[in-house]
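Below is one structure; the comments refer to it alone.
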Amino acid sequence: MTQPTVDQAYLAKRQLRKGTAGWMLLAGLGVSCVISGDFAGWNFGIAEAGWGGFAIAACLMALMYLALVLALAEMSAAIPAAGGGYSFARQAMGPAGGYLTGLAVLIEYALAPAAIVIFIGSAVEALLGVNGPLVYLLFYAVFIGIHLAGVGEALKVMMVISGLAVFAILATAVALIGDFDSANLFDIAPTDAAGASTFMPFGWYGIWAALPFGMWLFLAVEGVPLAAEEAKDPARDMPKGIIGAMLFLLFTALLVVVLLAGAAGAEMIGQSGVPLVDALNAAGNPTLATLVNVLGLAGLIASFFSIIYGYSRLVFALSRAGYLPKPLSLTSERKVPYLALIVPGILGFLASLSGEGDLMLGMAVVGATISYALMALSHILLRVKQPDLPRPYKTPGGVVTSGIALVLSLVALTGVYAFDPRAFNYTIVLFIAGAAYYFLYSKNHLVAKTAEEEFALVTAAPEDIDPVAPKVASAKL
């Protein structure tokens with residue numbers, strides 16, 4: 001079947017507001033997407049591997065994310081399109097590779113908010129005694145509504161919420177540093193597992209099973225390139241924004257992983273549902289613990305809010321290109337992709353009704369690791385196949401750096417299976433179903449034949465394009 005091309009009216013209805021986000025807002029977006037991971041979730045890796053084993057797992061995942069971020073910084077400056085990893089992969093691997101990468105990211109970004117809103121419900125219940133579907137619905141409605149008001153307004157609200165969460169982490173670190181005792185890091189008795197020791201009480205297998213929890217300290221920072229079309233100066237702002245976010249997240253991860261277990265004991269922190277709060281209470285700071293408990297909700301909201309932004313831009317890009325139904329990329333007068341915000345939000349709310357937040361997070365991690373491998377491979381292929389592509393920023397180490405990200409992402413993918421085979425299997429089934437949609441239907445309905453053609457159309461279309469201008473080619477919504 002002949003692929004349709006686009007006309008001016010099609011693009012006019014699908015425009016984001018350019019020049020809205022500088023590098024500070026982009027860095028804030030990256031931190032905001034991830035910050036809830038510092039408050040809870042990562043610490044269960046200590047229960048799987050002991051503090052030393054988890055420290056190894058966390059360092060491996062930090063290396064993976066740093067290598068990936070450096071590769072993404074290059075690609076997002078060279079290919080500043082709203083699809084992020086999808087756009088890079090399409091340029092490197094064609095329509096099928098682009099879609100499969102976008103699909104993996106979409107699984108991650110669609111399921112993560114549903115899981116986080118369940119955790120938000122638990123936090124609200126602890127504070128106010130209210131939980132359940134009405135709480136989930138309220139948070140989805142309010143924060144999708146803020147996004148509908150416009151990207152500039154949404155990102156500024158996000159920065160304020162994230163600032164509160166960061167304050168809670170820094171205040172906790174200052175309060176605990178005087179109680180740090182290295183002996184507390186190794187208070188879990190060694191088992192008889194292979195390789196077990198005081199440093200790694202659950203042996204080598206524990207490190208493997210702890211990899212997904214190490215990811216939780218950085219999961220979703222790769223969403224910064226999804227804002228590329230709304231950046232003020234993508235060539236300069238995208239690398240600074242995503243690298244700045246990653247460096248800050250490395251700092252906060254170091255604080256919570258070392259100081260919490262060092263002050264309160266690895267065994268206790270490994271079992272805690274609210275590790276910052278429990279560490280402060282154990283150290284005799286109940287007043288600050290109460291404050292951090294409240295601000296922990298801000299951390300959850302920050303990630304919930306930011307990942308909603310991320311999935312809307314990904315759905316927008318996939319829809320505009322024809323991979324997903326084209327109406328999903330329609331934008332409002334405020335240049336907001338309203339259906340790309342609302343429709344996945346409805347689906348996420350329905351998923352949240354299951355109450356299985358841990359399962360959805362496990363599935364999100366599987367989607368993430370698949371996308372990381374494909375994005376790292378995209379960087380390698382772009383360096384090989386398009387060496388003359390203008391690159392305002394170049395990844396230190398080149399393909400060696402992205403090769404490290406590729407190998408570690410595949411290792412991390414197997415780690416999810418080691419921890420939760422059900423999440424692994426469900427995600428693979430979902431991925432296969434999504435792939436079937438492309439190969440059976442949407443590959444014949446793409447709006448551009450090549451990635452270069454699509455990118456040229458996106459970058460050439462002005463914001464004030466006339467939606468009733470004469471057609472240059474036929475295209476349906």
Side-chain angles (χ1 to χ4, degrees), residues 16-37 62 64-89 101-102 104-106 108-109 112-113 147 151-152 154-156 158-159 161-162 165-166 215 217-253 302-317 364 367-368 371-372 374-376 378-379 392-393 395 401-402 405:
L16 299 175
R17 189 174 298 281
K18 297 176 175 63
T20 303
W23 78 269
M24 284 289 290
L25 277 180
L26 294 171
L29 173 64
V31 172
S32 182
C33 284
V34 181
I35 198 68
S36 66
M64 178 189 75
Y65 274 99
L66 181 60
L68 180 67
V69 158
L70 291 173
L72 291 175
E74 175 179 300
M75 294 188 291
S76 60
I79 310 170
Y86 142 70
S87 299
F88 313 147
T101 304
V105 179
L106 185 57
E108 174 193 357
Y109 272 63
H147 279 297
V151 63
L155 291 179
K156 289 171 185 174
M158 174 208 72
M159 288 288 282
I161 299 172
S162 300
V166 169
M215 287 181 63
L217 291 163
F218 312 103
L219 185 73
V221 70
E222 74 280 1
V224 175
L226 293 168
E229 286 184 36
E230 292 156 294
K232 291 180 179 178
D233 181 0
R236 179 179 62 89
D237 293 337
M238 294 308 304
K240 289 178 67 176
I242 192 169
I243 294 172
M246 185 64 203
L247 293 177
F248 187 81
L249 291 166
L250 287 170
F251 172 66
T252 58
S303 293
F304 176 72
F305 187 61
S306 302
I307 296 174
I308 286 175
Y309 171 88
Y311 78 56
S312 70
R313 270 48 182 182
L314 177 61
V315 170
F316 165 81
S371 75
Y372 298 164
L374 292 171
M375 286 189 280
S378 297
H379 180 268
Y393 172 86
T395 303
T401 299
S402 46

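None of the values given here were measured: they were computed from a predicted structure. Just so it is clear, the values below take in all heavy atoms, side chains as well, and ignore hydrogens, waters and symmetry mates.
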One should read off an interatomic distance between Phe251 CZ and Met246 CE, to the nearest 0.5 angstrom, of 14.5 Å
Please step through side chain to side chain contact (heavy atoms under 4.5 Å, CB included) for the pair Met238 and Tyr393, ending with a clear verdict. CA-CA 9 Å; Met238 294 308 304; Tyr393 172 86; over 6 Å; no
How about His379 and Thr395: does a side-chain donor come under 3.5 Å of a side-chain acceptor? yes
Side chains of Tyr311 and Pro113, heavy atoms from C-beta outward: is any pair under 4.5 Å? yes
Checking side chain to side chain contact (heavy atoms under 4.5 Å, CB included) for the pair Tyr309/Met158: CA distance, chi angles, key distance, verdict? CA-CA 10 Å; Tyr309 171 88; Met158 174 208 72; over 6 Å; no
Please check this pair: side chain of Tyr372 against backbone of Met64, looking for a donor-acceptor N/O pair closer than 3.5 Å. no
Is any side-chain heavy atom of Glu222 closer than 4.5 Å to a side-chain heavy atom of Val69? no
Verdict with reasoning, Met24 to Lys240, per side chain to side chain contact (heavy atoms under 4.5 Å, CB included): CA-CA 8 Å; Met24 284 289 290; Lys240 289 178 67 176; over 6 Å; no
Got Pro225 and Phe88 here, is their nearest side-chain heavy-atom distance under 4.5 Å? yes
Return the CG to CG distance between Leu66 and Leu250, rounded to the nearest 0.5 Å. 6.0 Å
Do side-chain atoms of Tyr109 reach the backbone of Ala220 as a donor and acceptor pair under 3.5 angstrom? yes
Distance check, rounded to the nearest 0.5 Å: Tyr86 atom OH versus Thr101 atom OG1? 10.5 Å
Determine whether Ile35 and Ser303 make a side-chain contact, defined as any pair of heavy atoms from C-beta on separated by less than 4.5 Å. yes
State, yes or no, whether a side-chain contact exists between Phe248 and Val166 at a heavy-atom distance under 4.5 Å. yes
Would you indicate whether the side-chain heavy atoms of Val34 and Leu219 approach each other to under 4.5 Å? no
Can you tell me how far the OG atom of Ser312 sits from the CG atom of Leu226, to the nearest 0.5 Å? 8.5 Å
Look only at the side chain of Ser162 and the backbone of Ala302, and say whether a donor-acceptor pair between them is shorter than 3.5 Å. no
CG of Leu72 to OH of Tyr65: how many Å apart, nearest 0.5 Å? 11.0 Å
Going from CD1 on Ile242 to CE on Met75, what distance comes out if it is rounded to the nearest 0.5 angstrom? 9.0 Å
